[in-house]
There are 2 protein chains.
Amino acid sequence: MGTPLPRDPIADAQRNWERHGWGDVAAPMAAITAIMRTQQILLARIETVLKPFGLTFARYELLALLSFARSGALPMNKASALLQVHPTSVTNAVDRLEKAALVARSAHPTDGRTTLIELTADGRTLAKKATAALNAEVFGKSGFGPDDVDHLIRVLGTFRRDAGDFTEE
Amino acid sequence: MGTPLPRDPIADAQRNWERHGWGDVAAPMAAITAIMRTQQILLARIETVLKPFGLTFARYELLALLSFARSGALPMNKASALLQVHPTSVTNAVDRLEKAALVARSAHPTDGRTTLIELTADGRTLAKKATAALNAEVFGKSGFGPDDVDHLIRVLGTFRRDAGDFTEE
DNA sequence: TCCAAACCCTTGGATGTCCTAGTATATTGC
DNA sequence: GCAATATACTAGGACATCCAAGGGTTTGGA
């Protein structure tokens, strides 16, 4: 994006919040803003790695999800629920993946409303390669220490559960 | 988005990673995926609170930034750097804010290339109201405990510094 | 049995983000 | 002083996300 700033803009924002008498929520504001920015950085890294494969993160996530499905196929509404995105986003991703011959739509055997998405051979191969690249270039070089990773998983897991993403655990 | 899932989809993904022999990067993968999903949840909450004000998060961030500027005005490139977004994203936000009469463009006194963005009186008022709403409805109810907030600020701060966002501190 | 309600997917519209390219203005170097 | 380089903003295009609305299919209660 550009040259590093001399100072942390989020720390500055936190100081501004405190200076305006919002000290009680300044820290959560900073934490939330930091999450937003971190997501942006991570997404950019991921997309950079996926670009040579002709994939975006949204499409990769769908390929990866399908590659773990027992039968290699999933109903679109299942994919939407598991990826936690709007059904129209799945429609969009499937349209593009289907055009690239990485997945195929097929009719559900018993429910006429439902459309199944299935990996093609090419799709399965590409998913493997893309996953290897992400593991090597992003997940394997996250920069988070093992303790921090565990802490993030735990804290954000609680947050997501409380937000209604899932029950149990 | 819909009904809660019976199980945490990210924990499932982590198990899938381990089952496929990628155990060494399964945890960072889960942490990164959790950050992506958490950002999505937080963004949705923020946009819900801002909607009554006719603002999106991108536009609010610009208003808030301007409201903290000494003179109430900033060059567009400064805003782009401080918000850590692409210059075209600032152009886009300013276009819409200007149309809503919340900010105004003006020429830089000495540099003909530069455009200054300045808050209007309406813009300043709306920024105050929107900030109060966000403080009350989002930052004040983040769901993160004080210790977790501190940890997030520290860990993500290090990550952002290492990613080249800023130097020092 | 049959029709209304629920469910599934797609289309169209609004936003935001980034990239590439183009225009205008400043600054630098010879 | 003038050309070459650097900087600032904008225009157009590709993607992704969401919401609202529409058309087809299933289900369940009257």
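Letters A, B, ... mirror the listed sequences (proteins, then strands); counts begin at 1. The structure presented is a predicted model; accordingly, all values stated were derived computationally and were not measured.
- The distance between atom NE2 of B:H86 and atom P of D:dA11, rounded to the nearest whole Å, is 15 Å.
- Shown here are the side-chain contact (heavy atoms from CB on, under 4.5 Å) partners of B:T115, two or more places apart in sequence or in another chain: B:M76, B:R105.
- Among residues at least two apart or in separate chains, there is no salt bridge (Lys or Arg N to Asp or Glu O under 4.0 Å) pair with a member in residues 144-157 of chain B.
- Of the residues in residues 103-113 of chain B, those with a non-hydrogen atom less than 4.0 angstrom from any atom of DNA chain C are B:T110, B:D111, B:G112, B:R113.
- When the salt bridge (Lys or Arg N to Asp or Glu O under 4.0 Å) test is applied to B:D24, no partner is found at least two apart in sequence or on another chain.
- With sequence neighbours excluded, no residue forms a side chain to side chain donor-acceptor pair (under 3.5 Å) with A:E47.
- Nucleotide C:dT17 holds its P atom 15 Å from the CD1 atom of A:I41, rounded to whole Å.
- Taking a cutoff of 4.0 Å between a charged side-chain nitrogen and a carboxylate oxygen, B:R37 and A:D165 qualify as a salt bridge.
- Within the structure, a side-chain polar atom (N or O) of B:Q40 is placed less than 4.0 Å from OP1 or OP2 of D:dC18.
- Residues from residues 47-69 of chain B placing a heavy atom under 4.0 Å of any atom in DNA chain C, listed by number, are B:T56, B:A58, B:R59.
- Shown here are the ring-ring contact (aromatic ring centres under 6.0 Å, His included) partners of B:F144, two or more places apart in sequence or in another chain: A:F159.
- For A:N92, the side chain to side chain donor-acceptor pair (under 3.5 Å) partners are A:R96, not counting sequence neighbours.
- With sequence neighbours excluded, no residue forms a salt bridge (Lys or Arg N to Asp or Glu O under 4.0 Å) with B:E18.
- What separates CG of B:L74 from P of D:dA8 is a distance of 14 Å, to the nearest Å.
- The stretch residues 88-102 of chain A touches DNA chain D through A:T88, A:S89, A:N92, A:R96, each having a heavy atom within less than 4.0 Å of the strand.
- B:I46 places its CD1 atom 16 Å from the C1' atom of D:dC18, with the value rounded to the nearest Å.
- Distance CH2/A:W22 to CE/A:M29: 9.0 Å, rounded to 0.5 Å.
- Considering only residues two or more places apart in sequence or on other chains, A:E61 meets the side-chain contact (heavy atoms from CB on, under 4.5 Å) condition with A:F57, A:L83.
- B:K128 meets the salt bridge (Lys or Arg N to Asp or Glu O under 4.0 Å) test with no other residue; sequence neighbours excluded.
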